[in-house]
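Let me begin by presenting the structure, written as structure tokens, before commenting on it.
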There are 2 protein chains.
Amino acid sequence: MSDERAAANARTRNRGIPDATVARLPIYLRALHTLADAGQRTVSSEELATVAGVNSAKLRKDLSHLGSYGTRGVGYDVAVLVDTISQALGLTQRWAVALVGVGNLGHALAGYAGFASRGFRIAALLDADPDRVGERLHGMVVRHIDELPAVVAEGSVSIGVIATPANAAQDVCDRLVAVGVTSILNFAPCVLSVPDNVDVRKVDLSIELQILSFHESRKAALTSLPSALSDDGEDEYDEAVGP
Amino acid sequence: MSDERAAANARTRNRGIPDATVARLPIYLRALHTLADAGQRTVSSEELATVAGVNSAKLRKDLSHLGSYGTRGVGYDVAVLVDTISQALGLTQRWAVALVGVGNLGHALAGYAGFASRGFRIAALLDADPDRVGERLHGMVVRHIDELPAVVAEGSVSIGVIATPANAAQDVCDRLVAVGVTSILNFAPCVLSVPDNVDVRKVDLSIELQILSFHESRKAALTSLPSALSDDGEDEYDEAVGP
DNA sequence: GCATGTGAATGTGTTCACAGCA
DNA sequence: TGCTGTGAACACATTCACATGC
């Protein structure tokens with residue numbers, strides 16, 4: 001619910017860029033970097049759309065929200081687009097990130113190259129487990145979660161990443177919010193409640209698998225009894241074997 | 001583009017359950033398990049919605065797509081809902097998963113408890129690096145990617161997880177598709193092209209951070225120069241601060 | 001001539017508000 | 001009475017198709 005509020009809130013803060021567009025800008029940016037690395041100076045909406053895996057009308061509309069700088073009859077200047085999108089996403093500054101939870105997943109995240117390469121700097125690794133505190137990891141030392149206020153004071157952290165077990169996540173979240181963190185990326189499989197001014201995004205691996213499971217079982221049902229297609233009249237009378 | 005096609009395709013296969021609903025079912029399921037573990041027998045849409053972090057109208061509409069079994073004036077039977085949703089998601093069977101890429105992230109994924117606890121079984125760990133082949137990891141031995149056909153033959157794998165570097169991902173994807181895998185979860189930061197009958201979901205950590213960066217920089221702009229609101233052209237002139 | 005940028009049309013998702021039923 | 005289930009209204013997103021301007 002504060003989830004919803006936060007989303008709605010964010011929406012009104014947006015300079016009017018739709019959420020769906022914002023979510024795609026990083027994809028365009030990645031595609032543009034690839035093109036730039038290959039030495040390409042200019043790109044059409046058609047080509048960029050293909051590389052980014054969307055259709056060209058969508059791409060053009062997305063870019064138009066940035067007040068984009070394409071040239072009719074030609075296309076977009078790759079370097080200009082990179083700048084425009086980076087600017088829009090706020091990537092002209094390096095954001096400091098605090099990573100909380102140095103377990104299985106936290107280890108991996110600490111070493112994830114994609115963080116640094118996209119302008120994010122891991123400012124601290126934190127954990128509640130005293131056994132883990134002091135451990136060296138990818139050139140950083142794990143500190144105790146109680147040091148969070150000090151960490152934030154040192155290098156104004158504005159993004160927190162939660163990679164703890166679910167039962168610790170809300171507590172960690174509250175601590176992050178308490179020290180002024182206003183953006184949180186949550187890997188713990190649970191819903192976090194936060195004030196309206198805090199944005200939370202969540203990544204849940206098992207949810208993604210369950211969504212695939214849904215589609216997979218649809219596909220399986222189709223191939224094993226293709227006649228199921230025909231009784232798809234309007235509602236259900238579906239396959240199943242009741243409980 | 002095949003991304004779009006695949007989505008549209010999936011949509012028509014859906015028994016009519018909207019994609020947005022499918023994406024939320026796992027969240028409801030998790031919430032229900034929590035309630036069930038706490039011994040709760042019955043739940044209202046209001047309560048379940050709160051636990052799941054959505055609003056109750058949305059929850060009811062979502063459940064109505066399953067032909068749901070609530071009782072007016074009372075609520076939903078927790079156990080019945082768990083069964084109904086599990087059924088809808090195809091979680092009544094254990095899906096076998098092949099995990100390709102045992103680097104930083106792959107290690108973490110291999111040990112991720114959430115996989116097993118939600119009915120997914122890691123059938124194999126695969127990697128292209130000969131140095132990694134043979135390594136023991138969470139009770140499994142890493143095998144070479146060339147053994148993929150054998151792996152699939154052994155225990156019909158239908159879901160593949162790609163945790164390789166971006167430059168290897170498309171090749172791995174093609175191999176997975178070639179051996180009959182029709183659902184892929186991609187952690188590599190790149191767009192995969194696949195035939196229409198294959199579903200791909202992607203998780204990109206740095207994209208999530210970039211989206212947070214966008215919102216974070218909006219917020220920063222607001223607090224540092226609140227007058228920025230007024231030069232915002234036309235519509236917004238919204239909540240400067242609290243309600 | 002050709003690709004952008006955009007109104008208009010369509011499709012999807014969310015929310016409201018209440019009828020209908022235990 | 002109280003809560004579900006849902007039509008109708010609204011909001012958001014995607015796609016189409018073409019006028020616009022280099």
Side-chain angles (χ1 to χ4, degrees), chain A residues 1 3-12 14-25 27-28 40-78 80-81 84 211 234-236, chain B residues 1 3-12 14 16-25 27-28 40-50 52-78 80-81 84 234-236 238:
Chain A
M1 98 168 82
D3 207 25
E4 317 267 334
R5 293 291 296 277
N9 238 357
R11 200 60 186 49
T12 62
N14 267 358
R15 191 209 270 163
I17 304 181
D19 286 348
T21 295
V22 172
R24 282 186 295 264
L25 291 178
I27 300 173
Y28 303 153
Q40 196 164 334
R41 312 283 302 161
T42 255
V43 68
S44 69
S45 65
E46 195 62 44
E47 184 180 10
L48 180 54
T50 302
V51 179
V54 303
N55 85 38
S56 63
K58 192 189 284 184
L59 172 73
R60 288 198 302 278
K61 180 140 292 191
D62 282 343
L63 294 184
S64 77
H65 291 296
L66 310 185
S68 145
Y69 293 85
T71 310
R72 291 168 199 246
V74 179
Y76 301 91
D77 182 287
V78 173
V80 169
L81 255 198
T84 306
I211 294 170
E234 44 157 339
D235 48 27
E236 23 252 273
Chain B
M1 68 159 119
D3 207 25
E4 317 266 335
R5 295 289 297 278
N9 238 356
R11 199 62 187 49
T12 61
N14 267 356
I17 304 180
D19 285 349
T21 295
V22 172
R24 282 186 296 265
L25 291 178
I27 299 173
Y28 303 153
Q40 197 163 335
R41 312 284 300 162
T42 256
V43 68
S44 70
S45 65
E46 194 64 44
E47 184 179 10
L48 181 54
T50 302
V54 303
N55 85 35
S56 63
K58 193 190 281 186
L59 172 73
R60 288 199 301 279
K61 179 138 301 192
D62 282 342
L63 294 183
S64 78
H65 291 297
L66 311 184
S68 145
Y69 293 85
T71 309
R72 289 166 200 247
V74 179
Y76 301 89
D77 182 286
V78 172
V80 169
L81 256 197
T84 307
E234 37 161 352
D235 44 31
E236 39 249 83
D238 36 3

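Just so it is clear: chains get the letters A, B, ... in the order the sequence lines come, proteins before strands, and each one is counted from 1.
- Regarding A/L59, its CG atom lies at a distance of 14 Å from the P atom of C/dT6, rounded to whole Å.
- A donor-acceptor contact under 3.5 Å links the side chain of B/K61 to the base of C/dT15.
- Of the candidate nucleotides C/dT4, D/dT6, C/dT15, C/dT15 has the atom nearest to the side chain of B/N55.
- Each of A/V54, A/L81, A/V51 was evaluated against A/Y28; a single residue qualifies, A/V54, per the side-chain contact (heavy atoms from CB on, under 4.5 Å) test.
- Here the C1' atom of nucleotide D/dC3 and the CG atom of B/L63 are 13 Å apart, to the nearest Å.
- Counting to the nearest Å, the C1' atom of C/dT12 and the CG atom of B/D62 are 13 Å from each other.
- Using a 4.0 Å cut-off, some side-chain N or O of A/Y76 falls inside it from OP1 or OP2 of C/dG5.
- The minimum heavy-atom distance between A/N55 and A/A49, with the atom names listed, is C-CB, 3.8 Å.
- Straight-line distance from the CG atom of A/L66 to the P atom of C/dG5: 10 Å, rounded to whole Å.
- Per the geometry, CG belonging to A/L81 stands 10 Å off P belonging to C/dT4, to the nearest Å.
- Distance, A/H65 NE2 to D/dA13 P: 9 Å, rounded to whole Å.
- For the pair A/A20 and A/V74, both in contact range of DNA chain D, the more 5′-proximal nearest nucleotide belongs to A/A20.
- With C/dA22, D/dG21, D/dA13 as the choices, the nucleotide that has an atom nearest any side-chain atom of B/R72 turns out to be C/dA22.
- Remark: A/T71 is not in phosphate contact with D/dC22, judged by side-chain N or O atoms under 4.0 Å from OP1 or OP2.
- Closest approach of A/L48 and A/L59 over heavy atoms only: CB-CD2, 3.8 Å.
- Neither OP1 nor OP2 of C/dA3 sits under 4.0 Å from any side-chain N or O of A/S44.
- The shortest non-hydrogen separation linking B/S56 to B/E46 is OG-OE1, 3.2 Å.
- Between the side chain of A/R60 and the base of C/dT4, no donor-acceptor pair of N or O atoms lies under 3.5 Å.
- The OH atom of A/Y76 lies 13.0 Å from the CD atom of A/E47; values are rounded to the nearest 0.5 Å.
- Rounded to an integer number of Å, the gap from B/K58 NZ to D/dC12 C1' is 12 Å.
- Counting only heavy atoms from C-beta on, A/D19 has its side chain closest to D/dA13 among D/dC22, C/dT15, D/dA13.
- As rounded to whole Å, 12 Å separates atom C1' of C/dT4 from atom CD of A/E46.
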